[in-house]
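Atom set for the values below is all heavy atoms of this structure, side chains included, hydrogens, waters and symmetry mates excluded. We count ligands from 1, going down the list as the structure has it; atoms in each ligand are counted the same way.
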Amino acid sequence: MQIAIVGLTASGKTTVFNTLTRGHAQTGGFGALTLNVGVVKVPDARLDRLAEMFKPKKVVHADVTYADLPAPPASSEGHVGTEELPAEHLARLRESDALLHVVRAFENPSVPHPAGSVDPARDLEQLDLEFILADLAMVDRRLDRLGSSGRHGTQAEREANEREEVVLRRIKTELEAGRPIRDADLADDEAKAVRGFRFLTEKPVLVLLNVGEGDLATAPDLVARISAGYQHRHAMVDYLSARIEMELGELEPDDAATFMAELGIEESGLERVIRLSYRLLGLISFLTAGPDEVRAWPITEGSTAVDAAGTIHTDLAKGFIRAETVGYEDLVSLGSTAEARKAGRLRSEGKTYRVSDGDVIEILFSR
Ligand SMILES: Nc1nc2c(ncn2[C@@H]2O[C@H](COP(=O)(O)OP(=O)(O)OP(=O)(O)O)[C@@H](O)[C@H]2O)c(=O)[nH]1
Ligand SMILES: [Mg+2]
């Protein structure tokens with residue numbers, strides 16, 4: 001699973017990327033076209049608790065890949081266009097499963113805002129519009145193609161083309177009205193007909209307001225104000241002070257705790273953002289626990305026991321017999337798998353069982 005970090009120039013994308021990945025990519029690049037990619041472990045206190053119980057050789061977290069894309073360069077007319085991005089970056093953007101849209105809400109006299117003033121609502125709208133235009137350009141190109149050559153081929157091909165055209169026309173109407181595709185509420189078969197395009201405005205988005213160091217107290221108000229004007233499907237709004245998080249990340253854990261107490265922060269914003277983006281991807285975690293390994297496995301919400309088996313290994317899905325399942329809370333309160341079994345909390349689930357977040361699962365299978 002991959003999340004693309006997008007945003008206008010000097011909004012703090014690379015600073016956010018560094019805090020997420022504890023990396024040291026160069027910030028303040030001002031339009032330098034470097035692409036940064038890093039893998040982030042999803043914090044999960046349950047794994048620590050299970051590790052105490054099972055004393056495994058290793059503990060493996062679920063992870064998410066973040067790609068920090070440079071802002072699209074401004075063209076001579078002052079537009080920022082995704083079309084201007086190098087092909088490799090555009091491909092990354094299209095391939096991503098979700099967007100983390102960093103919006104500047106911090107003042108910093110030594111880094112003037114390219115537009116002359118800090119205005120998160122304006123910036124948010126500007127990049128959103130660019131993405132709408134990029135999708136619209138794609139839709140138009142495809143409709144042209146379908147118009148000229150889509151009438152040929154076998155009957156099945158022509159019918160598929162007609163179905164695609166209907167969906168594309170519908171999407172075009174949405175985009176022309178300034179609405180992202182994620183709002184269009186496409187039916188499953190409609191979404192499937194246009195999946196290959198990997199439209200930018202179809203991806204779920206987490207809007208991250210990057211607030212100044214002194215603005216943490218008022219940040220929730222800003223979030224409320226911006227989200228009131230941002231009622232879209234598959235969209236969330238949150239805040240972070242990237243600068244503070246970066247400094248926190250450079251401290252020893254004890255010092256970080258003291259610093260957080262001084263600032264009156266209860267939870268690291270970073271962990272919240274990682275968790276939110278995990279949820280944004282529609283992911284939950286099931287867990288496996290044993291003497292070799294305690295591990296969290298990402299899986300799409302709604303997945304079945306046999307999907308879970310396949311996530312671990314295709315052989316487990318092929319030879320699936322049953323999934324011995326116990327909820328994390330039950331396992332921890334009863335103290336061991338054996339006790340959970342005695343108490344009747346260890347369930348034998350079949351192929352079609354829908355996995356819940358925090359299920360501790362052992363797959364029984366035949367080779
Ligand atoms: N005061 C303050 N400065 C910040 C904050 N976040 C980023 N900056 C500064 O703003 C400048 C731009 O930050 P970057 O993280 O490089 O921004 P970017 O969006 O990656 O910029 P480009 O890649 O050039 O588009 C740097 O000098 C950062 O130190 C913040 O929360 N507060
Ligand atoms: Mg950058």
> If you measure from each heavy atom of Ser11 to ligand 1, is any distance below 4.0 Å?
Replying inline: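 Checking ligand 1 against Ser11, which is what was asked, there is a heavy-atom contact under 4.0 Å.
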> Should Ala10 be listed as contacting ligand 1, given a heavy-atom distance under 4.0 Å as the test?
Replying inline: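 Distance cut 4.0 Å: Ala10 passes for ligand 1.
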Closer than 4.0 Å to some heavy atom of [X] - which atoms of ligand 1 meet that?
{"X": "Val111", "result": "10 (O), 11 (C), 27 (O)"}
{"X": "Thr14", "result": "15 (O), 18 (P), 20 (O), 23 (O)"}
{"X": "Val211", "result": "31 (O)"}

>> Could you report the tightest heavy-atom contact between Ile132 and Leu175, atom names first, then the distance?
In response: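 What the structure gives for the nearest pair is CG2-O, 3.5 Å.
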> So, do Thr65 and Ile3 sit near enough that their side-chain heavy atoms are less than 4.5 Å apart?
Replying inline: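 Of all side-chain heavy-atom pairs linking Ile3 with Thr65, none is under 4.5 Å.
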>> So Leu276 and Met236, do their side chains get closer than 4.5 Å, heavy atoms only?
In response: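 Met236 reaches Leu276 side chain to side chain.
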>> What I want to know is whether Asn210 and ligand 1 share at least one N or O pair that is separated by under 3.5 angstrom.
In response: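 It does: an N or O of Asn210 is found under 3.5 Å from an N or O of ligand 1.
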> Sequence neighbours excluded, which residues qualify as side-chain hydrogen bond (donor to acceptor under 3.5 Å, both in side chains) partners of Asp63?
Replying inline: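 Asp63 satisfies side-chain hydrogen bond (donor to acceptor under 3.5 Å, both in side chains) with no other residue.
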> Tyr353 and Asp359: side-chain donor and acceptor closer than 3.5 Å?
Replying inline: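 Yes.
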> Just by distance, with hydrogens left out, do Asn18 and Thr15 show a side-chain donor and acceptor under 3.5 Å apart?
Replying inline: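 There is no such pair (donor and acceptor under 3.5 Å, judged by atom type) between the side chains of Asn18 and Thr15.
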> For ligand 1, is any non-hydrogen atom under 4.0 Å from Thr27's backbone (N, CA, C, O), its side chain (CB onward), both, or neither?
Replying inline: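 For Thr27, the contact with ligand 1 is made by both the backbone and the side chain.
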> For the Mg ion (ligand 2), does an N/O/S atom of Thr27 lie at less than 2.8 Å?
Replying inline: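 No, since none of the N, O or S atoms of Thr27 sits under 2.8 Å from the Mg ion (ligand 2).
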